[in-house]
Amino acid sequence: MGLEQLIKRCKKKNAKAQEQLYRLYCSKLFSICLKYSSDYSSAEDTLQDAFITIFDKINQYKNTGSFEGWIKRVTINTALQKYRKQKVFEIVNEEQIEDIAVEISEEEISLDYLLSIIQQLPDRYRLVFNLYVLDGYSHKEVAEMLEISIGTSKSNLARARYILKEKLETNKELYVRSIEGRR
C-alpha cells in the first residue's frame with residue numbers, strides 16, 4: 001500500500017493504518033523529539049503527543065507538499081508548545097551580540113556524543129540552537145515560533161554555542177581517549 005492510500009485510511013480513523021504510519025515514521029520523529037527534549041523520557045512523551053496531534057489533524061493535510069515535512073513541523077510544534085507555556089526565555093537587550101563559532105571535527109566527536117551535550121543545554125538555549133543550527137530556521141522564524149524577540153534568539157544562540165564550546169573543550173581530551181581505547 002502506498003503512502004497516499006495509508007494517509008486516506010488514517011483520515012478515516014483506521015487503527016491499523018495509524019499503526020502502520022506510526023511504525024513508518026516513529027524513529028525519524030523520535031530523533032526530532034530527542035533534539036528538543038532534555039531527556040529520553042520527555043522525548044517519548046513528546047513523540048506520543050505529536051502522533052496524537054498528527055492523527056487528530058491529519059485531515060488538514062491536503063496532499064500538497066511533503067507529508068514527511070508536514071509531520072516534522074507538527075512534531076517540532078508539539079515539542080515547542082510545552083516550552084512556550086513555561087516562560088523559559090529571558091528578555092535581553094538587543095545590543096550587538098557576539099557570535100561564537102564552534103569547531104567540531106567529525107573524526108573526534110560522534111553524533112551521539114554531540115546530541116548528549118546539546119540535550120544538557122538549558123531549554124531556552126537548546127531550543128534556539130536546534131531550530132537555528134540543526135533545522136535551518138532564521139532568527140525571525142525562531143523568534144516567531146518561540147514567541148521571543150529576534151535579539152533574544154540571537155543571544156540564546158550565542159550562549160548555547162559558548163556553553164557547547166566550553167563543554168566540548170573540557171571533555172575533548174577525555175572523549176578522544178575513550179575513542180582511541182575502542183580502536
Side-chain angles (χ1 to χ4, degrees), residues 3 25-40 42-43 45-47 49-54 56-58 60-106 108-169:
L3 180 60
Y25 288 106
C26 69
S27 62
K28 284 183 182 179
L29 298 183
F30 186 66
S31 66
I32 292 170
C33 295
L34 275 172
K35 284 191 323 192
Y36 289 94
S37 300
S38 57
D39 57 50
Y40 196 87
S42 295
D45 291 345
T46 301
L47 180 67
D49 292 343
F51 269 105
I52 289 169
T53 303
I54 288 166
D56 189 45
K57 297 185 180 219
I58 198 162
Q60 293 178 9
Y61 177 70
K62 302 297 181 200
N63 295 331
T64 57
S66 161
F67 180 71
E68 188 172 319
W70 182 79
I71 62 173
K72 284 180 178 179
R73 279 191 303 280
V74 170
T75 303
I76 290 171
N77 284 331
T78 301
L80 297 179
Q81 258 180 329
K82 72 173 138 182
Y83 296 107
R84 286 187 195 114
K85 296 173 188 171
Q86 293 177 358
K87 303 284 186 219
V88 296
F89 295 96
E90 298 169 5
I91 305 303
V92 297
N93 186 348
E94 294 190 30
E95 297 172 358
Q96 184 68 19
I97 297 163
E98 182 182 341
D99 197 16
I100 297 166
V102 180
E103 301 280 327
I104 299 171
S105 167
E106 291 180 27
E108 295 175 0
I109 304 295
S110 75
L111 186 57
D112 288 341
Y113 178 69
L114 185 58
L115 181 59
S116 73
I117 290 178
I118 291 170
Q119 284 180 313
Q120 293 171 24
L121 289 170
D123 294 339
R124 62 184 172 266
Y125 303 143
R126 185 180 67 254
L127 296 174
V128 171
F129 181 86
N130 286 335
L131 288 168
Y132 186 83
V133 175
L134 301 180
D135 291 324
Y137 290 99
S138 69
H139 280 296
K140 183 177 189 276
E141 292 168 319
V142 172
E144 289 170 3
M145 292 170 86
L146 299 176
E147 299 174 357
I148 59 176
S149 72
I150 291 172
T152 299
S153 176
K154 289 178 179 179
S155 170
N156 286 341
L157 176 63
R159 187 72 183 133
R161 285 181 169 160
Y162 176 79
I163 292 170
L164 287 174
K165 184 177 180 181
E166 291 291 306
K167 285 183 179 270
L168 287 171
E169 287 174 356

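Expressed to the nearest 0.5 Å, how far CG of L47 lies from OG of S31 amounts to 9.5 Å. A distance of 12.0 Å separates OG1 in T75 from NZ in K28, rounded to the nearest 0.5 Å. To the nearest 0.5 Å, atom CG of residue N156 and atom CG of residue L146 are 9.0 Å apart. To the nearest 0.5 Å, the span separating CG on L168 from CD1 on I117 amounts to 4.5 Å. Residue L131 holds its CG atom at 12.0 Å from CD of E144, rounded to the nearest 0.5 Å. The CG atom of L115 sits 10.0 Å away from atom CD of Q120, with the distance rounded to the nearest 0.5 Å.
Residues L34 and Q119 approach most closely at O-NE2, 3.1 Å, considering heavy atoms. Across V74 and A50, no two heavy atoms sit closer than the pair CG1-O, 4.1 Å. In terms of heavy atoms, E141 sits closest to S138 at OE1-N, 2.7 Å. Closest approach of D123 to R126, counting heavy atoms only: OD1-NH2, 2.9 Å. Shortest non-hydrogen contact noted between F67 and Y61 is N-OH, 3.3 Å. The heavy-atom pair separating S37 from T46 by the smallest distance is OG-OG1, 3.8 Å.
By the 4.0 Å N-to-carboxylate-O rule, K72 lies too far from D135 to be salt-bridged with it.
At least one side-chain heavy atom of I118 sits less than 4.5 Å from a side-chain heavy atom of L134. Using a 4.5 Å heavy-atom cutoff, the side chains of D49 and Q81 are not in contact. Within the 4.5 Å cutoff, the side chain of I32 has no heavy atoms near those of the N130 side chain. Within the 4.5 Å cutoff, the side chain of F129 has heavy atoms near those of the L164 side chain. Between I76 and Y137, the closest side-chain pair of non-hydrogen atoms falls below 4.5 Å.
S155 places no side-chain N or O within 3.5 Å of a backbone atom of G151 that could act as its donor or acceptor partner.
Tested against F30, the residues Y36, Y40, F51 include a single ring-ring contact (aromatic ring centres under 6.0 Å, His included) partner, Y40. For the side chain to side chain contact (heavy atoms under 4.5 Å, CB included) criterion with V128, the lone passing option out of L121, V133, I148 is I148.
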